[in-house]
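Chain letters run A, B, ... following the sequence lines, proteins first, then strands; residues in each count from 1. Note that the structure is predicted; figures quoted are calculated from it, not measured.
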Protein chains: 2
Amino acid sequence: MSQKKPVTVRDIADAAKVSRATAARALNGYGYVGDDTAVRVQEAAARLGYRGNRVAQALRQGQMPIVGFVPGDIQNPFFARIAHDLDGALRPTRHSLMIASSEESIEQEREVVDSLRSLNVRGLIVAPASADDTGHLVALVNEGVPLVIIDRMARDVPCSSVTVDNEGGAREAISYFVSNGHRRIALIHDDSRIVTARERLGGYVDALTGHGLAVEERLIAVSQSTVESTIEAAIRLFSQPEPPTALLTVDSLMTTGALLALRSMGLSVPHDVSLIGFDDFDLATFTDPQITVVSQPVARIGAQAVKLLQDRITGTGEPEATRFPTRLIIRGSVGKPGGQPRR
Amino acid sequence: MSQKKPVTVRDIADAAKVSRATAARALNGYGYVGDDTAVRVQEAAARLGYRGNRVAQALRQGQMPIVGFVPGDIQNPFFARIAHDLDGALRPTRHSLMIASSEESIEQEREVVDSLRSLNVRGLIVAPASADDTGHLVALVNEGVPLVIIDRMARDVPCSSVTVDNEGGAREAISYFVSNGHRRIALIHDDSRIVTARERLGGYVDALTGHGLAVEERLIAVSQSTVESTIEAAIRLFSQPEPPTALLTVDSLMTTGALLALRSMGLSVPHDVSLIGFDDFDLATFTDPQITVVSQPVARIGAQAVKLLQDRITGTGEPEATRFPTRLIIRGSVGKPGGQPRR
DNA sequence: ATGAAAGCGCTAACAA
DNA sequence: TTGTTAGCGCTTTCAT
């Protein structure tokens, strides 16, 4: 059985004995329409179950009522939350949200951006997989496509952005470690989120040197933002002769991975290793002890992104960069150094 | 600055000095096209950066290369995972996935289904918010829209579905409680997912009576599938004079809520209360003790849904119901009853 | 092998 | 106030 033919303006125009133009006017409530005519049309529409064809409308107007969202990974609770907020903020504007994850791959990001572009979406909200490989995003802006970048920066893309103070957050975390007596402080960060990672790395280096501590290559590990990859990175880090006594991870998936790795190595938190994670998450309060985190104002990011996108769509003013502060939430995963790792 | 005019077939036809028809043929590789002409067209397309207009194509063919997905809540890790898998399974077919959450509201489900419908999506994958209020889904099927229902059943909708053996899973969980000596076994389930909940409830009742135990109203609580709502439900349950000694929850968000509630009441797992959750999740292995769960083969659900949807799209055979088995993963959250709740 | 032309469903400029 | 008409970009007969 093939799809039934949907009812069109023509159908309801015929039913209401008016022209298609009049029917369209009555349906969309613009221009001059006689009261009784309007009623007749509305009735016919209701009776026949007229639904309108957004594709035809979009072709006519050159734009789909859709906003594209390109997260790094929809399974990351951070992005799932943002997607949820975006959807909610967009609904009153009668736009749909189309989510197409880049899976943290720059090739796939190019692909999905292109795909969204060919759909004539109204605008794009992207968490760039790379900070440097941004040609496709620049092209977007040059073509006049409204674009807002979130969570991460992208070099030389003249568009609005919503990010958090990664550097300050990392600095605060490191200072907290130092004030607890730690000297060998490790960092696991995510290469793909280059700028974000670079900023958090920057804060790390900054704080360390600020406290007169050396920055050791061997204490800085790179991992993908997945639980599995982070487990490996953490195991490498803590298998060294003089392992770190403290660890900062840059997102919640990585914090989860670190936790699993430490447990598998028989290292207890915070007795053997102190831990701070970037980005607060459910899990953080379920572990024993609970995890100290650098939290981001995640609830505000989606709303702000939509606001900035709307400004872009209506052409209001210049691109605008929003940067939210972070907050160190102290729980129980940081202690004094000195526990002996058991083998 | 407004959007630049994208290049159209007409542009490349002009550039290659052929008609639009020929250009289209060369671009899409069908019909007869001279070899040299084809090359000229391809070159022109590449040079001008032709991208095609999926909206116009869709209008022409009556369908958008999009599959709609309506989860109950994209923030639920279960659905986030499914969305991820769906996206991956769809990509090779050159279809995009459009996610529009129902937020577990039947009104919103109707709204987003309608919205997706007016976009002429190729097919729909829905986790119905209600098992009984299914008129809009039935209408969809009658109109010939390919539809696959996942996770939950919906009464009287003649379409394919992918679900798990909720009843068997619940039965197995309850039997495990009973074999550990429990007699007062509580259930918190989700009213909105009526059939799923009913099935899990069915398994609960079945197992209880099978073991010669009475089914007590006061041990069955209804909650929404959110952490907050479940906390309240659990507190009500365990504030009774003779509180339950064991608890089964029907999804991971609810398990999380139960855990938080028990902790806030000073009840320890499994000393005071034994706990089993439906649906395995990260958190389950981070708590101390780890949580025993009824796991679903989540990795297979998305792939199977896409397969069934494709069958529907190509009109292959009749609608088909897939039901996956569950598996009880025994960890440490079930003990013998007899601990005294502390106040 | 190629071109001319129609039309998907809709909206809006223009006419009446 | 309403109708006529053109055309968004594309594909696909049908003719050449």
Nearest listed nucleotide, side chain of [X], among [options]:
| X | options | result |
| --- | --- | --- |
| V33(B) | dT2(C), dC10(D), dC10(C) | dT2(C) |
| V9(A) | dG9(D), dT12(D), dC10(C) | dC10(C) |
| L59(B) | dT2(C), dG9(D), dT12(D) | dG9(D) |

Protein-nucleotide distance ([X], atom [atom1]; [N], atom [atom2]), rounded to Å:
| X | N | atom1 | atom2 | result |
| --- | --- | --- | --- | --- |
| Q61(A) | dG7(D) | CD | P | 18 Å |
| M64(B) | dG9(D) | CE | C1' | 13 Å |
| Y32(B) | dG3(C) | OH | C1' | 17 Å |
| R40(B) | dA1(C) | CZ | C1' | 12 Å |
| Q57(B) | dC8(D) | CD | P | 16 Å |
| R10(A) | dG9(C) | CZ | P | 10 Å |
| R20(A) | dC10(C) | CZ | P | 10 Å |
| N120(B) | dG9(C) | CG | P | 9 Å |

Under 4.0 angstrom between [X] side-chain N/O and [N] OP1 or OP2:
| X | N | result |
| --- | --- | --- |
| S19(A) | dT2(D) | no |
| Y50(B) | dC10(D) | yes |
| T37(A) | dT2(D) | yes |

Query raised in the report: Is a donor-acceptor contact shorter than 3.5 angstrom present between the side chain of R25(B) and the base of dG3(C)?
Result: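 Checked by distance alone, the answer is yes.
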Is [X] salt-bridged to [Y], going by a charged N under 4.0 Å from an acidic O?
| X | Y | result |
| --- | --- | --- |
| D133(B) | R110(B) | yes |
| E320(B) | R312(B) | no |
| R40(A) | D36(A) | no |
| R117(A) | E111(A) | no |

Report task. Assign each of K17(B) and A56(B) to its nearest nucleotide of DNA chain C by heavy atoms, then name whichever residue's nucleotide is nearer the 5' end. Result ->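 Mapping each residue to its closest nucleotide by heavy atoms, the 5'-most match is K17(B).
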Query - Residue closer to the 5' end of DNA chain C, A21(A) versus P6(A) (nearest nucleotide) - result: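 Closest to the 5' end, via its nearest nucleotide, is P6(A).
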Requested in this report: Would you give the length of the straight line joining atom CD1 of I99(B) to atom CD1 of I74(A), rounded to the nearest 0.5 angstrom?
Outcome: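 I99(B) CD1 to I74(A) CD1: 5.5 Å, rounded to 0.5 Å.
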Requested in this report: Select base, sugar-phosphate, or nothing to describe what V55(B) touches, counting heavy atoms under 4.0 Å on all strands.
Outcome: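 No contact.
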